[in-house]
Undergrad: 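The structure that follows is given in the form of C-alpha cells.
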Protein chains: 2
Amino acid sequence: MIQRIEKVNISKKFDLFEEYWKPRIVGELDESYVELVKLKGEFVWHHHEKEDEMFLVVKGELLMKLRDKDIIVKEGEFIIIPKGVEHLPVAKDEVHIMLFEPKSTVNTGNVQNEKTVQGQWT
Amino acid sequence: MIQRIEKVNISKKFDLFEEYWKPRIVGELDESYVELVKLKGEFVWHHHEKEDEMFLVVKGELLMKLRDKDIIVKEGEFIIIPKGVEHLPVAKDEVHIMLFEPKSTVNTGNVQNEKTVQGQWT
C-alpha cells in the first residue's frame, strides 16, 4: 500500500463506524498497525502467542481482566498486555480504544469464534 | 527488563519531567518503544533510515515540516513519518507528544548534534 503522509484525526475516524469489536486500521508503522475499535460488553478470554498488544483508552472506561487481577483503564491511560498473558477486555458502557499491535495479530488470539475478525482500513 | 502489567496514566507521566526534546520511555511492545516527549522550539531536519515514526499530539499543536508541505497536527491527531522522509518538528508553544517507534530509533535520525539523546525510562 502506498502511504501518503497525512495527519489522522482520531475522533473523526471514530465517527466513521459504529460496530463494536471490529478494529479499523488507521495507520501502519513498520510491522505494526494502529487501529481504532469501539467496545461494548464482554469479549472473550484469550492470549496472543507472539504479540504484545497496547490498549489506549480514548473515551470511556475499560475493565481489563487478567487471571490474577482486574485493572480499570480510563481515558488518557493505556495498558500493554505482553504476549502469552490471558486477558479479557470488558466494557460496561461504550469504550473507544486505540490499539497498537503487530500486523500478524488476530483479535481473539488463540481463540477462534464469532468475534474473530480481520482489521480493515477505514 | 521484567515487565509488570500496570496501566500508565499519560498525563501523570508528563508531570514527572520538564525537559524539552528528551523522550521518556513509558512502555515497550515487541521491538518498539512508547515514549513521551515535550517539545518547544524548532528541532533539526533529519530522517530515519530504517524506522517509521508516529507522533500523537496529546497537548498543544505541532507543526511538522516536510520538504514539500507543512502539516499542523493538533491535540487528538497523529502523523506517521515513514522511513527515509525528511522532517522537521516545530513547536511554537509547548507541545506534548506520544511517540511510537522501533527501539533502534535515534531521535535525530541521520543527524548527530547536541539534540541527540537516548530515550530513558521514566
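Chain letters run A, B, ... following the sequence lines, proteins first, then strands; residues in each count from 1. Here the structure is a predicted model, which is why all the values come from computation and not from measurement.
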Undergrad: Heavy-atom distances under 4.5 Å only: say whether A:K13 touches chain B with side chain, backbone, both or neither.
TA: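 Neither part.
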Undergrad: Measuring heavy-atom distances to chain A, does B:V34 have an atom under 4.5 Å in its side chain, in its backbone, in both, or in neither?
TA: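 The side chain, not the backbone.
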Undergrad: Under a 4.5 Å heavy-atom cut-off, does chain B meet the side chain of A:E75, its backbone, both or neither?
TA: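 When you check distances to chain B, no heavy atom of A:E75 falls under 4.5 Å.
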Undergrad: Heavy-atom cut-off 4.5 Å, strictly under: side chain, backbone, both or neither for B:I71 against chain A?
TA: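 The side chain, not the backbone.
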Undergrad: Sub-4.5 Å heavy-atom contacts with chain A: which residues of residues 94-106 of chain B show up?
TA: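 Those residues of residues 94-106 of chain B which have a heavy atom under 4.5 Å from chain A are B:M98, B:F100, B:P102.
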Undergrad: Where does B:E31 contact chain A at under 4.5 Å (heavy atoms): side chain, backbone, both or neither?
TA: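 The answer is neither part of B:E31.
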Undergrad: Where does B:K12 contact chain A at under 4.5 Å (heavy atoms): side chain, backbone, both or neither?
TA: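 The answer is neither part of B:K12.
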Undergrad: Got more than 12 heavy atoms from elsewhere within 6.0 Å of NZ, B:K50?
TA: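 No, because the 6.0 Å sphere around NZ of B:K50 holds 12 heavy atoms or fewer from other groups.
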Undergrad: Minimum heavy-atom separation for A:N9 to B:E77, with atom names?
TA: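 Looking at all heavy atoms of both residues, the closest pair is ND2-OE2, 3.0 Å.
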Undergrad: Less than 4.5 Å to any heavy atom of chain A: does that hold for the side chain of B:I72, its backbone, both, or neither?
TA: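 Only the backbone of B:I72 comes within 4.5 Å of chain A.
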Undergrad: I need the A:S32 OG to B:D52 CG distance, nearest 0.5 Å.
TA: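 Rounded to the nearest 0.5 Å, the OG-CG separation comes out at 9.5 Å.
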Undergrad: Checking heavy atoms, do the side chain of B:V57, its backbone, both or neither come under 4.5 Å from chain A?
TA: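 For B:V57, neither part sits under 4.5 Å from chain A.
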Undergrad: Search all heavy atoms of A:L29 against all heavy atoms of B:E53 and return the closest pair with its distance.
TA: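 The answer is CD2-C, 4.0 Å.
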Undergrad: Return yes when atom NZ of B:K115 has more than 12 non-hydrogen atoms of other residues, nucleotides or ligands closer than 6.0 Å, and no otherwise.
TA: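 Yes, enclosed.
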Undergrad: Identify whether B:V117 and B:V26 are in the same connected component of the hydrophobic contact network (ILVMFWY, side-chain heavy atoms under 4.5 Å).
TA: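 No; tracing contacts between hydrophobic side chains, which count when under 4.5 Å, never links both residues.
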Undergrad: Do A:K83 and B:D30 pass the salt bridge (charged side-chain N to carboxylate O under 4.0 Å, His left out) test, and can you show the C-alpha distance, the side-chain angles, and the key distance before you say yes or no?
TA: CA-CA 9 Å; A:K83 56 183 75 54; B:D30 299 300; 2.8 Å; yes
Undergrad: Quick check: do B:I10 and A:L56 have side-chain heavy atoms less than 4.5 Å from each other?
TA: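 Yes - at least one pair of side-chain heavy atoms lies under 4.5 Å apart.
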Undergrad: Would you say NZ of B:K59 has more than 12 non-hydrogen atoms from neighbouring residues, nucleotides or ligands within 6.0 angstrom?
TA: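 No - once you tally the heavy atoms of other residues, nucleotides and ligands closer than 6.0 Å, there are 12 at most.
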Undergrad: Most heavy-atom pairs under 4.5 angstrom with chain B, which of A:V8, A:V73, A:L66?
TA: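 Winner by heavy-atom pair count: A:V8.
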Undergrad: Looking at B:I5, is its backbone amide N or carbonyl O close enough to the side chain of A:K69 to form a donor-acceptor pair, meaning the two atoms are under 3.5 Å apart?
TA: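 Yes, because the side chain of A:K69 sits within donor-acceptor range (under 3.5 Å) of the backbone of B:I5.
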Undergrad: What part of A:V58 is in contact with chain B, defined as an atom under 4.5 angstrom from a non-hydrogen atom: side chain, backbone, both or neither?
TA: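 Neither the backbone nor the side chain of A:V58 comes within 4.5 Å of chain B.
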Undergrad: Roughly how far apart are B:I79 CD1 and A:E6 CD, rounded to 0.5 Å?
TA: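 It is 9.0 Å, given to the nearest 0.5 Å.
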